[in-house]
Amino acid sequence: MIKIHFNHNEITMKSPESQPVTAIAHPNIAFIKYWGNRDQQLRLPCNSSLSMNLSGLETRTTVYFDPSLHKDVFILGGERITGAAAERVSAFLNVVREFAGVDSYAQIESQNNFPAGAGVASSASAFAALALAASTAIGLELSEKELSRLARRGSGSACRSIPTGFVEWQAGSSDADSYAWSIAPAQHWSLVDLVCVIDKGHKAVGSTGGHALAGTSPLQSLRLAHVQERVDLCRSAILARDFETFAEVVEEDSNLMHAVMRTSNTPLHYWLPETEVVLWMVKSWRKEGIPVCATVDAGPNVHVLVESAHANWVEQQLSRLPGISQIYKAQPGDGARLI
Ligand code: PMV
């Protein structure tokens, strides 16, 4: 075992594993959203954000660095992937290789148990699982903070899928201090996320392209002006299990992000008519006293957040609404881990 210095950090290195290494990570749902980067390359966000990992939904990734390979081989859901998606994985592995000072290519096999690219953040669980499996396979021993920083380089929100339960990502001012940590374990609050799948297709503009457009909206600076107050309010509401305050700030923040998306140049309209119907119904149930609220990421799917005692009732009501092809039920989940 040796100690190396990289980017002002002391990293512990072993020899690369001679066996494939497998990691699991869950996607996460942002309560206070990340939208827009200060540094697109390093994925340093314009603002801090808060999220919850989603148990039951997962990416499982196996990595093996094989000195006999001439390039990385990426297999997703049993199919060999080439083109932009494979290049993004290789670009991420280049960061891991540079970190470790190793130049072997890797065999990567990955599987999601939920649809990719439609508002359930598959890139978060994908790059969190890949960061853990690849860094371990190459012989790096990273702390949770270093892993979170590394996962961020693949997809910003992936840094929030490394720690457990309810998670805060501090925007920070540089690569060194932009990482996530757990503010409460999964058992802290029995919230349920009913993920209403409205469209399983891939969106026209993904989040990487969307972040690059955020600054073109005249509303982005207004969104950012008070975002730290929303982070603070939402964190306190989570810690106090205060659903009313939580619901108001979560919905306000989601609406602010979609206002930025819709007014960016090019405008991004992720919602479908069925999205609006779910949002309307959720508001009306809350008025009747049900502890339920909703948030939407970069896609048409709606994440309906409800206290567990009311989850079955809300799920039944949702299943009667038009256009919802599937409902996934997720509870607060653990962080990324090796299996
Ligand atoms: O990590 P990315 O680049 O996929 O961006 C995620 C953006 C949102 O899901 C819309 C918001 C968030 O904070 O997760």
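Basis for what follows: all heavy atoms, side chains included, without hydrogens, waters or symmetry-related copies. As the structure lists them, so they are numbered: ligands from 1, and atoms in each ligand from 1. Treat the numbers as computed from the prediction; the structure is a model and nothing was measured.
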(request) State whether the side chain of S148 and the backbone N or O of E144 hold a donor-acceptor pair below 3.5 Å, judged by distance alone. (result) no
(request) Compute the minimum heavy-atom distance from A298 to ligand 1 and say whether it is under 4.0 Å. (result) yes
(request) Please determine if R286 and E248 form a salt bridge, counting it only when a charged side-chain N lies under 4.0 Å from a carboxylate O. (result) yes
(request) For D297, counting its heavy atoms only, list the atoms of ligand 1 lying under 4.0 Å from any of them. (result) 9 (O), 10 (C), 11 (C)
(message) Test your reading of the model: is there a side-chain donor-acceptor pair from N28 to the backbone of S157, 3.5 Å cut-off?
(response) yes
(request) Within a distance under 4.0 Å of any heavy atom of S123, pick out the atoms of ligand 1 and give their elements. (result) 4 (O)
(message) Distance under 4.0 Å to a non-hydrogen atom of S155: what atoms of ligand 1 satisfy this?
(response) 1 (O), 2 (P), 4 (O)
(request) Kindly identify the option in S207, G209, S161, S157 whose heavy atom sits closest to atom 1 (O) of ligand 1. (result) S157
(request) Give a yes or no on whether E276 atom CD has more than 12 heavy-atom contacts from other residues, nucleotides or ligands under 6.0 Å away. (result) yes
(message) Once you measure the plane-to-plane angle for W271 and H258, does it fall in the parallel (<30°), tilted (30-60°) or perpendicular (>60°) bin?
(response) tilted
(request) Using the six-membered ring wherever Trp is involved, compare the ring planes of F166 and F31 and label them parallel, tilted or perpendicular (cut-offs 30° and 60°). (result) tilted
(message) Checking the side chain of R337 only, and the main-chain atoms of I24 only, is there a donor and an acceptor separated by less than 3.5 Å?
(response) no
(message) Is it true that S90 and K71 share a donor-acceptor pair across their side chains at a distance under 3.5 Å?
(response) no
(message) Tell me whether ligand 1 is touched by S49 - counting only heavy atoms on the residue side and a distance under 4.0 Å.
(response) no
(message) Counting only nitrogen or oxygen atoms and a 3.5 angstrom limit, does Y34 reach ligand 1?
(response) yes
(request) Would you mind listing which atoms of ligand 1 come within a distance below 4.0 Å of any non-hydrogen atom of H211? (result) 2 (P), 3 (O), 5 (O)
(message) With heavy-atom distances below 4.0 Å as the criterion, list the atoms of ligand 1 near A30.
(response) 12 (C), 13 (O), 14 (O)
(request) Run the numbers for me: atoms of ligand 1, each under 4.0 Å from some heavy atom of M257, listed by number. (result) 10 (C)
(message) Show me which atoms of ligand 1 lie under 4.0 Å from any heavy atom of K33.
(response) 13 (O)
(request) Go through ligand 1 atom by atom and flag the ones less than 4.0 Å from a non-hydrogen atom of G156. (result) 1 (O)
